[in-house]
2 protein chains.
Amino acid sequence: MDAKELLKQHLAKTVSLSDDEFDYFFSHFQPHAYKKGQVIIGAGDKVDCEYFVLEGCVKTFHLTDDLKMFILQFAMPTWWASDYNALYSGQRATVSVDCITDVELLCLTSADREKLCREIHAVEHFFRWRTNKGFVAAHKRLLSLMSTDAKHRYEELLRQYPQLYNFVPKNQIAAYLGVSRETLSRLYHAR
Amino acid sequence: MDAKELLKQHLAKTVSLSDDEFDYFFSHFQPHAYKKGQVIIGAGDKVDCEYFVLEGCVKTFHLTDDLKMFILQFAMPTWWASDYNALYSGQRATVSVDCITDVELLCLTSADREKLCREIHAVEHFFRWRTNKGFVAAHKRLLSLMSTDAKHRYEELLRQYPQLYNFVPKNQIAAYLGVSRETLSRLYHAR
DNA sequence: CGCTGAATGTGACATAGGTCACCCGATGCG
DNA sequence: CGCATCGGGTGACCTATGTCACATTCAGCG
C-alpha cells in the first residue's frame, strides 16, 4: 500500500474527509526515508515535526545524564512519533527518536498541523482522538509500571507486540520495560 | 470566584469563545457537591461523565485484585478527572475517582462533550490541547518512574504540589509515588 | 580466514524497597 | 469516659532487581 492510502485509511478509522479535503491534508506531509540506526530527533534539537511511520520501526526514548536509556514507545507503521513536549512547548528535545530498522515515514510540521486543525474541523477531531488514545495508553502503562513486576510487564509486552521480539535488541526491550538487560534475560529464561 | 467564571478563565487560557458561545457551553455542565471520602466513580461503574474540579481535591486511582491502591492523579481546582479509558471506550470503570476533601465540581457527559466539540470548533480545539497536556505529563511521569528512585520522585512531587502535603494522607502520597507507606515515611525522615 | 565489536547469557554480590509486626497518638463515637 | 479506628513511625527481615565481571556467539569486514 502506498503512503497516501495508508494515511487515508488511518484517518478513516476516526473521521471521514472528502477526497479533496484529504488531498489537501496529505499535501502537507513530506515523505522521508532513514537507515537503521539513524537519528531523527536528537537530544537538544529544536523540534518542529511529528512523524507518521509508514514502514519499519522507530523508538522514542530518553537518555539520562549517566547515559541510561528509557524507551517511551516503539512506533510501528501507522503510529505517530515525536517529542511532543518539545513540539508543543517549543523547548529543546529531551526525548529522542531514532530508527530500529530502515524506515519510511511522513513528516508533518507543527505549524501545518495547527493550520490544518484550524482549516478543517474534522482534522482537529482526528488529532484530538489520536491524543486521547495515547493518553489512555500512557495511563495504562503508568499503572502497569507501578503495580506489576518486571515479569508481568514482559509478558504483557509479548502479548501486545509479538513481532517486536524478532528485530528489537533485548537491551532495548529492557529499556522499555524499565529493567536492566540482565534482568530481562533472566526473566525469559525462566530464571 | 464562581463556577462559571472559573471555567471561563480556564478555557480562555487556550481558546477564545464569545460570551454567547461560552454561555451555551457552560449550560451543559451540572454542578455537584460531594463530601470527603465519597466515591464519584467506583470500579465496575458505567462511566459517562468527566469532572471539572472547582473546589477541593479528588484522586483518580486503581485498585489491584489484592487491594493495593495506585494513584494516577490528584485533581485540584481547574483540573479534570474521570476514567478516560472507560469514558472513551464504553467499558466499565477500572479507574476510580473519590474525594480527598469536600469537593465541588462540574459534570459534563461524554455525549455533551462530543456534541459541543461538533458544534463549536474552538471547543474541540480546547479539548485537544487539554489532552495534549495530559499526554505530555503522563510521559514525563513514565520517565520519572522508570529512571529515578523513590526519593527523587518524592522531591519532585513536593516541588510541584507543596500544598498536597497539608491534607493528603501519606499512604496516598505513597500510592502516587509507587512506593509503600513505610518507604515514604523513611524517605522524608532522612532514613 | 581471523579480527573486532555487537548482542546476549550468567554468576556473584550489593541494595532499594517491600512486607510484617508492632508501636504511638489523635480523633471520633457509644 | 473508654474503646475503636485511623494515620503514621520504625525495626527486622526478605526479595527483586541492579551492578559488575566475564564468557559466548555471530555478523561484518579487512
(request) Rounded to the nearest angstrom, tell me the gap between atom CG in B:Leu145 and atom P in C:dA16. (result) 18 Å
(request) Please assess B:His121 against B:Phe126 for the test ring-ring contact (aromatic ring centres under 6.0 Å, His included), listing each intermediate value before the final yes or no. (result) CA-CA 9 Å; B:His121 191 151; B:Phe126 166 76; over 10 Å; no
(request) Take the angle between the ring planes of B:Tyr165 and B:Tyr154 and call it parallel below 30°, perpendicular above 60°, tilted in between. (result) perpendicular
(request) Answer with base, sugar-phosphate or nothing: what part of the nucleic acid does A:Gly178 contact at a heavy-atom distance below 4.0 Å? (result) sugar-phosphate
(request) Indicate the ring-plane relationship of B:His32 and B:Tyr34, choosing parallel, tilted or perpendicular according to the 30° and 60° boundaries. (result) tilted
Which protein N or O atoms sit under 3.5 Å from an N or O of nucleotides 26-30 of chain D?
none

(message) Rounded to whole Å, please give me the gap between CG in A:Leu187 and C1' in C:dT8.
(response) 15 Å
(request) Answer with yes or no whether the hydrophobic clustering places B:Val179 together with B:Phe61; edges join I, L, V, M, F, W, Y residues whose side-chain heavy atoms lie under 4.5 Å apart. (result) yes
(message) Please determine whether the number of non-hydrogen atoms from other residues, nucleotides or ligands lying under 6.0 Å from atom CG of B:Asp65 exceeds 12.
(response) no
(request) Would you kindly give the OH-to-C1' distance between A:Tyr165 and C:dA7, to the nearest whole Å? (result) 13 Å
(request) Before accepting this row, confirm whether a basic side-chain N of the pair A:Asp66/A:Lys68 lies closer than 4.0 Å to the acidic partner's carboxylate O. (result) yes
(request) Quick one: do B:Arg153 and B:Leu145 satisfy side chain to side chain contact (heavy atoms under 4.5 Å, CB included)? Show the steps, please. (result) CA-CA 7 Å; B:Arg153 297 203 297 280; B:Leu145 262 180; 3.5 Å; yes
(message) How bent is the helix from C:dC1-D:dG30 to C:dG30-D:dC1, measuring the angle between the end axes built from five pairs each, rounded to 10°?
(response) 30°
(request) Please state how far atom NE2 in B:His152 lies from atom C1' in C:dG17, giving the value in whole angstrom units. (result) 17 Å
(message) Between P on D:dG7 and CD1 on B:Ile173, what's the gap in Å once rounded to a whole number?
(response) 13 Å
(message) Check for me, please, whether B:Val58 and B:Leu72 land in the same ILVMFWY cluster - side-chain distances under 4.5 Å, paths through other members count.
(response) no
(request) Decide whether B:Leu158 and B:Leu164 are clustered together by the hydrophobic rule: side chain heavy atoms of Ile, Leu, Val, Met, Phe, Trp, Tyr closer than 4.5 Å, transitively. (result) yes
(request) Taking only the side-chain heavy atoms of A:Tyr188 (C-beta and beyond), determine which of D:dG9, D:dG7, C:dT8 contains the nearest atom. (result) C:dT8
(message) Nearest whole Å is fine: how far is D:dG18 C1' from A:Leu184 CG?
(response) 14 Å
(message) In terms of relative ring orientation, are B:Phe135 and B:His139 parallel, tilted or perpendicular, with 30° and 60° separating the classes?
(response) tilted
(message) Please give me the minimum heavy-atom distance between A:Lys36 and A:Ile100, naming the atom from each residue.
(response) CG-O, 3.4 Å
Distances under 3.5 Å between protein N/O atoms and the N/O atoms of nucleotides 27-30 of chain C, please, pair by pair.
none

(request) Could you run through nucleotides 19-24 of chain C and give me one letter per nucleotide, 5' to 3': B if any protein heavy atom sits under 4.0 Å from the base, S if only the sugar-phosphate is that close, - if neither? (result) BBB---
(message) Under the rule for ring-ring contact (aromatic ring centres under 6.0 Å, His included), what residues qualify as partners of A:Tyr88, not counting sequence neighbours?
(response) A:Tyr84, B:Trp129
(request) Evaluate the ring planes of A:Trp79 and A:Tyr161, with Trp represented by its six-membered ring, and classify them as parallel (under 30°), tilted (30 to 60°) or perpendicular (over 60°). (result) perpendicular
(request) In plain terms, say whether A:Arg92 and A:Asp45 are close enough for a salt bridge, that is, a side-chain N and a carboxylate O under 4.0 Å apart. (result) no
(request) Calculate the interatomic distance between B:Met146 atom CE and D:dT17 atom P; express it in whole Å. (result) 15 Å
(request) May I ask you to decide if the ring planes of A:Phe127 and A:Phe25 are parallel, tilted or perpendicular, using 30° and 60° as cut-offs? (result) tilted
(message) With a 4.5 Å cut-off on side-chain heavy atoms, are A:Leu184 and A:Leu177 touching?
(response) yes
(message) How many whole angstroms separate atom CG of B:Asp149 from atom C1' of C:dT15?
(response) 11 Å
(request) Can you sort out which residues in residues 59-67 of chain A have a heavy atom within less than 4.0 Å of DNA chain D? Ascending by number, please. (result) none
